[in-house]
Trainee: 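Let me give you the structure first, and then I'll get to my questions.
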Amino acid sequence: MKKELAKTYNPKEIEEKLYEKWCENKYFHAEVDESRKPFTTVMPPPNITGKLHMGHAFDNTLQDILIRYKRMQGYNALWIPGTDHAAISTEVKVTNQLKEEGIDKKELGREGFLARTWQWKEEYAGTIENQLKKMGISCDWDRERFTMDEGCSKAVEEVFIRLYEKGYIYKGSRIINWCPKCKTSLSDAEVEHEDQDGHFWHIKYPVVGTDEFLEIATTRPETMLGDTAIAVHPEDERYKDLVGKNVILPLVNREIPVVADAYVDKEFGTGAVKITPAHDPNDFEVGKRHNLEEINIMNDDATINENGGKYAGMERYEARRAIVKELDEQGYLVKTAPHMHSVGTHDRCGTTVEPLIKQQWFVKMEELAKPAIEALKTGELKFVPERFDKTYLHWLENIKDWCISRQIWWGHRIPAYYCDECGEFVVARKMPKKCPHCGCTHFTQDEDTLDTWFSSALWPFSTLGWPEQTKDLEYFYPTDVLVTGYDIIFFWVIRMVFSGFEHTGKSPFHTVLIHGLIRDSQGRKMSKSLGNGIDPLDIIDQYGADALRLTLVTGNAPGNDMRFYHERVEASRNFANKVWNASRFILMNVGDEGVAEPDAKLFNAADKWILSKVNTLAKDVTENMDKYELGIAVQKIYDFIWDEFCDWYVELVKYRIYHKEEKPAEADCALWTLKTVLGNALKLLHPFMPFITEEIYGALKPEEESLMMSDWPVYKEEWNYPSDEALLGHVKDITRGIRNMRSEMNVPNSRKTKAFIVSEDAGFLCGLEQLKESVQPLMAAGDIVMESEKKEIAEDAVSIVVPGATVYLPLEDLVDFEQERERLAKEEDRLKREIKRAEGMLSNEKFISKAPADKVQSEREKLEKYTQMLSQVQERMAGLGGCVRP
RNA sequence: GGAGACAUAGCUCAGCUGGGAGAGCAUUUGCUUGACGUGUAAAGGGUCGCAGGUUCGAGUCCUGUUGUCUCCACCA
């Protein structure tokens with residue numbers, strides 16, 4: 001049953017239909033099957049905070065290419081999709097949505113808020129699923145997961161309890177990053193440092209018992225309300241006498257000691273530092289060393305609390321201004337200098353983070369990090385490209401304990417229960433019956449939830465059933481490749497790796513394929529605030545999913561960022577159209593009844609050449625795919641289809657097709673080869689452009705069920721035809737030479753000329769003879785005359801010298817002999833230079849002795865070739881000499 | 001302060017383990033050739049940032065240098 005294809009490719013007509021077919025036939029679904037090898041990957045779960053952006057399209061396209069490739073290779077390919085609850089981000093979004101409706105989140109209460117957030121989740125997870133489907137993503141929808149679904153939640157609870165029981169999770173009062181807007185603690189990774197213009201305020205403190213002053217400098221004067229010491233360097237001569245003495249804290253009028261601590265940099269500022277243990281991580285450490293009091297001066301919303309005396313109730317920057325003003329009025333402010341400093345901000349809301357001392361839950365990282373470091377060193381885990389090893393190792397080797405508790409509602413609640421009587425807590429799977437400390441029977445669960453990355457860290461195994469030892473887990477785990485952007489190596493990749501080792505004893509994947517960011521045409525990050533984001537669905541709507549996918553994977557090296565602009569998608573769309581039309585031509589000619597495989601002896605050189613080419617292409621592409629060089633792989637396929645198959649083979653085949661009646665056997669060779677080579681090319685292209693390839697393949701081989709489930713092409717020894725490749729190489733050289741000449745001389749295409757091809761190579765002439773009719777139109781030749789030596793060729797002809805042959809085009813009146821002579825002289829010059837170069841290399845003894853034999857050999861061959869060409873040119877020039885026209 | 005990346009044709013970028021510089025777009029000029037003008041044939045355009053080094057040979061490896069960007073880091 002033959003299908004008619006439309007004149008231009010219209011993606012909309014086929015994409016949805018094909019995706020439905022794939023789903024209906026369960027092609028994306030994988031089950032345990034011991035007879036086959038699994039290939040597993042888990043999708044980095046997109047946040048349910050909104051629609052997918054171009055980065056997601058990129059990430060998922062790469063994964064889809066790999067999974068489709070492996071599926072065709074015969075692996076039992078499993079790709080698990082899902083979404084992430086994105087704790088803080090989602091909570092912020094829902095809170096804002098409520099605010100717009102005039103509802104305060106607190107009014108709703110925890111339960112009400114969670115119910116509302118689940119609604120949000122349903123809506124957005126649906127949108128995301130839809131978007132992924134439009135992109136052609138072949139993940140197993142039957143296994144779609146959510147980081148807060150039952151199974152993932154169970155895994156989270158189990159991990160928390162196990163880590164607690166092993167002593168890796170502890171509750172402690174430590175200085176943490178606090179977001180005053182979201183009113184929650186944050187991990188170090190969630191804090192972004194940005195340089196801001198600020199001030200350096202120099203303040204002098206009276207030294208008790210003297211009339212001296214000690215000058216310090218600070219960027220955050222409001223924190224002086226919580227100062228409990230001044231620190232100087234122990235070897236700082238300037239301040240040696242002051243160590244041990246006290247100073248008066250201005251405004252507050254508290255006496256605080258001067259301590260010596262090596263943390264202080266003598267060269268920086270005044271060399272004396274105010275110490276606020278409750279509001280600075282370093283000061284906190286200094287405070288611990290010197291047993292200093294920790295005075296918390298701030299409320300959770302970053303207003304000053306009752307410890308701030310008369311500043312209590314003021315917002316932090318308001319307090320700063322008031323304090324500076326007052327210091328100035330009272331003569332304590334020495335000077336104010338502009339100062340650029342780094343300010344920590346919350347990566348989700350941009351609010352300046354406040355370091356505060358809080359009771360929080362932490363994961364002790366040192367031990368957990370060890371196997372993750374080791375894995376990279378032993379090769380159990382590798383990054384592509386390798387340079388990300390350093391990023392990974394640097395982070396792990398300097399890792400600090402992970403603050404995992406968050407003071408928000410949307411997330412996994414911490415399984416710790418506090419006794420209502422004595423306040424002691426119990427970590428347990430269920431609410432305990434009786435307090436082991438006091439016997440009380442009433443408990444309250446910890447209000448905090450876990451960092452969103454705590455659950456995504458378990459994603460590669462929680463989605464396969466862990467903590468149960470399921471068949472899925474046994475068969476599909478460890479997964480194979482993880483594809484993700486370099487921006488979440490710290491957040492996610494590292495945490496998955498150490499979690500994998502800790503809970504399953506294995507690395508969760510052997511390879512991490514890292515990609516970059518998609519930027520706009522000017523190289524800027526796509527962001528909501530800039531409004532420069534491009535919606536992948538808009539692109540799909542305009543150009544089709546395949547064009548989008550091809551754009552995302554072309555011309556990009558792993559790990560590098562990419563600029564996205566319409567011209568690139570247009571180029572991809574044009575390629576899709578090219579494939580479509582070449583296929584249309586083939587389908588029109590192949591006919592309904594199909595073509596039987598001809599006897600190999602009947603193939604002509606062009607057939608063998610293209611079979612040989614597609615054969616090596618399969619081999620090369622496979623190698624590139626295995627090295628994750630997807631951009632190189634697709635470039636080779638693109639070049640093959642367009643430059644070799646369409647521009648040469650299809651053209652070379654037309655003569656035989658149009659003369660089918662006379663010589664049916666020859667036409668069949670052409671048709672069979674067209675169909676076969678196209679089929680293989682479609683297979684190779686399929687992972688990149690799944691829709692168009694599947695559609696065409698369905699028309700080309702209606703007897704087969706599906707392209708996506710067909711076999712990946714492998715190299716065949718019987719399709720290796722080196723001599724035909726060489727012959728076609730010559731034919732192309734000659735054709736290009738003729739076209740070039742005609743173009744230069746402005747010969748209209750309608751004017752066909754004879755072409756005399758003179759060569760001493762009988763084999764070549766014989767091969768060419770076979771292709772004569774096929775090749776004639778490409779050379780715009782009315783006839784081709786082949787001769788072993790120059791005979792009766794009109795004097796008024798131009799000559800084209802190619803390796804092994806000279807071509808004469810009798811262009812009669814068009815030939816300007818002066819011009820022809822000049823051209824030949826230029827050619828002679830060029831060849832002489834080439835010969836000189838080759839001779840130079842070959843006369844270099846070191847080259848002969850040190851270079852690989854095949855390089856030396858190829859230089860010799862070049863020398864021979866050029867020498868021969870030179871004599872052809874010179875012969876022609878001599879022949880021309882006798883007939884100079886006045 | 002530490003680490004990394006990039007610097008190649010007018011623009012955006014490829015170039016894998018070193019062996020005569022490539023693509024797409026843009027520009028110029030032909031072509032209604034029975035799949036495609038979303039096409040086709042041709043042309044112009046590069047001291048591969050700079051300086052050294054290793055090598056028979058460097059866009060590719062090493063060192064230094066300049067410029068741009070990114071990440072990490074507690075300099076108050």
Side-chain angles (χ1 to χ4, degrees), chain A residues 5 7-9 193 200 216-220 223 231 263-265 267-276 280-285 339 341-342 344 355 385 387-388 390-391 394-395 398 486-487 489-490 516-517 521 523 543 547 551 554-557 559-565 567-568 570-589 623-624 627 629 631-632 635 638-639 646-647 650-651 654 657-658 735-736 739-744 746-750 777-778 780 834 837-838 841 844-852 854-856 858-859 862:
Chain A
L5 298 184
K7 190 169 175 179
T8 48
Y9 172 54
H193 294 272
F200 218 16
I216 60 97
T218 180
T219 55
R220 295 194 301 155
T223 59
Y263 149 70
V264 180
D265 179 353
E267 310 302 321
F268 189 78
T270 62
V273 190
K274 61 190 274 305
I275 300 297
T276 323
D280 182 281
N282 295 305
D283 294 8
F284 180 79
E285 297 300 325
H339 183 67
H341 64 139
S342 161
R387 72 180 118 101
F388 291 100
K390 287 196 176 171
T391 317
H394 183 260
W395 177 270
N398 296 285
Y486 59 69
D487 50 334
I489 292 177
F490 306 130
L517 268 36
S521 58
Y543 304 99
T551 306
T554 326
N556 180 250
N560 287 1
D561 291 353
M562 168 189 285
R563 293 192 198 203
F564 193 95
Y565 45 91
E567 288 85 342
R568 295 190 58 222
E570 274 170 27
S572 303
R573 186 269 321 265
N574 293 352
F575 177 65
N577 195 53
K578 186 73 183 175
V579 172
W580 184 260
N581 273 299
S583 304
R584 204 160 65 91
F585 171 77
I586 293 165
L587 286 167
M588 267 166 46
N589 290 294
E623 278 172 18
N624 289 129
K627 288 192 277 181
E629 294 164 354
I632 296 175
Q635 187 64 246
Y638 179 105
D639 289 345
C646 293
D647 288 348
V650 169
E651 295 305 324
K654 282 180 175 169
I657 289 181
Y658 297 148
T735 309
R736 276 193 283 249
R739 285 168 171 176
N740 194 321
M741 178 63 67
R742 293 177 58 105
S743 177
E744 259 177 44
N746 286 317
V747 185
N749 222 339
S750 52
L778 306 202
E834 295 291 1
R837 193 192 62 84
M841 281 178 87
N844 182 340
E845 276 176 40
K846 284 182 177 170
F847 174 72
I848 303 289
S849 59
K850 292 194 178 180
D854 60 321
K855 297 291 172 200
V856 178
S858 87
E859 280 308 315
K862 281 179 200 168

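Below, chains carry the letters A, B, ... as their sequence lines are ordered, and counting in each starts from 1.
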Trainee: For nucleotides B:G22 and B:U8, find the distance between their C1' atoms and express it as a whole number of Å.
Mentor: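 Their C1' atoms lie roughly 10 Å apart.
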Trainee: Side chain of A:His193: nearest nucleotide among B:A73, B:C25, B:U12?
Mentor: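 Looking only at side-chain atoms, A:His193 lies closest to B:A73.
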Trainee: To the nearest 0.5 Å, what is the distance between CG (A:Asn556) and CZ (A:Arg563)?
Mentor: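 That separation rounds to 13.0 Å.
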Trainee: Base, sugar-phosphate alone, or nothing: which one does A:Gly344 contact when heavy atoms must sit under 4.0 Å apart?
Mentor: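 No contact.
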Trainee: When you compare B:C16 with B:U32, how far apart are their P atoms, in angstrom units rounded to a whole number?
Mentor: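 Rounded to whole Å, the distance is 42 Å.
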Trainee: Roughly how many Å apart are B:G67 and B:C50, using the P atom of each and rounding to a whole number?
Mentor: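 The same atom, P, in both gives a distance of 15 Å.
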Trainee: Can you build the contact string for nucleotides 33-45 of chain B? Use B for base contact, S for sugar-phosphate-only contact, and - for no protein heavy atom under 4.0 Å.
Mentor: BBBB-BSSSSS--
Trainee: Considering heavy-atom distances to RNA chain B, does A:Arg568 or A:Tyr486 have its closest nucleotide positioned more toward the 5' end?
Mentor: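 Its nearest nucleotide lies further toward 5', so the answer is A:Arg568.
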Trainee: A:Ala851 has a side chain; which of B:G19, B:A76, B:U55 sits nearest to it?
Mentor: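 Closest nucleotide to the A:Ala851 side chain: B:G19.
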Trainee: Compute both the distance and the angle, then confirm whether A:Lys855 meets the cation-pi test with A:Phe847: under 6.0 Å from the six-membered ring centre, within 45 degrees of the axis.
Mentor: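 Not satisfied by the 6.0 Å and 45° rule.
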Trainee: Take atom P in B:A14 and the same atom in B:G57, then report the distance between them in whole Å.
Mentor: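 Comparing P positions in B:A14 and B:G57 gives a spacing of 30 Å.
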Trainee: Please tell me which of the listed nucleotides, B:G4, B:C56, B:A76, lies nearest to the side chain of A:Arg387?
Mentor: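 Nearest nucleotide to the side chain: B:G4.
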Trainee: Flag the pair A:Met562 / A:Thr551 as yes when at least one side-chain heavy-atom distance between them is below 4.5 Å, and no otherwise.
Mentor: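 When only atoms from C-beta onward are counted, A:Thr551 and A:Met562 do not touch, as no gap falls below 4.5 Å.
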Trainee: To the nearest 0.5 angstrom, please state how far the CD atom of A:Glu629 sits from the CD atom of A:Glu623.
Mentor: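 The CD atom of A:Glu623 is 9.5 Å from CD of A:Glu629, to the nearest 0.5 Å.
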Trainee: As a test of reading the structure: which of B:G19, B:C56, B:C25 is closest to the side chain of A:Lys846, going by heavy atoms?
Mentor: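 Ranking B:G19, B:C56, B:C25 by closest atom to the A:Lys846 side chain puts B:C56 first.
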Trainee: What nucleotide among B:G19, B:C56, B:G24 has an atom nearest to a side-chain atom of A:Tyr565?
Mentor: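 Minimum distance to the A:Tyr565 side chain belongs to B:G24.
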Trainee: Looking at every strand, decide which applies to A:Asp265 at a 4.0 Å heavy-atom threshold: base, sugar-phosphate, or nothing.
Mentor: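 If one applies the 4.0 Å heavy-atom cut-off, A:Asp265 turns out to touch a base.
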Trainee: Checking contacts here: which listed nucleotide (B:G19, B:C16, B:C74) is nearest the side-chain heavy atoms of A:Tyr263?
Mentor: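 Side chain of A:Tyr263 sits closest to B:C74.
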Trainee: When both hydrogen-bonding distances must be under 3.5 Å and the geometry is Watson-Crick or G-U wobble, what is B:G24 paired with, if anything?
Mentor: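 Per the H-bond distance test, B:C11.
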Trainee: Quick one: pull up CD in A:Glu744 and CE in A:Met741 and give me the separation to the nearest 0.5 Å.
Mentor: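 CE of A:Met741 is found 6.0 Å from CD of A:Glu744.
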Trainee: Say you draw a straight line from CZ of A:Arg837 to NZ of A:Lys862; how long is it, rounded to the nearest 0.5 Å?
Mentor: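 Interatomic distance, A:Arg837 CZ to A:Lys862 NZ, rounded to 0.5 Å: 5.5 Å.
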Trainee: If we call it a pair only when both distances are under 3.5 Å in a Watson-Crick or G-U wobble match, what pairs with B:C6?
Mentor: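 Per the H-bond distance test, B:G67.
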Trainee: If you round to the nearest 0.5 Å, how far is CD1 of A:Ile216 from OG1 of A:Thr270?
Mentor: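 The OG1 atom of A:Thr270 sits 6.5 Å away from the CD1 atom of A:Ile216.
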Trainee: Identify the nucleotide, in any strand shown, that forms a Watson-Crick or G-U wobble pair with B:G30, with both distances under 3.5 Å; if there is none, say none.
Mentor: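 Its partner is B:U40.
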Trainee: Determine which nucleotide pairs with B:C16, using a 3.5 Å limit on both distances of a Watson-Crick or G-U wobble pair.
Mentor: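 In the structure as shown, B:C16 has no Watson-Crick or wobble partner.
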Trainee: On RNA chain B, compare the nucleotides closest to A:Ala571 and A:Glu629; which residue's is nearer the 5' end?
Mentor: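 Closest to the 5' end, via its nearest nucleotide, is A:Glu629.
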Trainee: Checking side-chain polar atoms at under 3.5 Å, does A:Asp561 have a donor or acceptor matched by the opposite partner on A:Tyr486?
Mentor: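 A donor-acceptor contact under 3.5 Å links the two side chains.
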Trainee: Within the structure, does a side-chain N or O atom of A:His339 lie under 4.0 Å from either OP1 or OP2 of B:A76?
Mentor: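 A:His339 to B:A76 OP1/OP2: side-chain N or O found under 4.0 Å.
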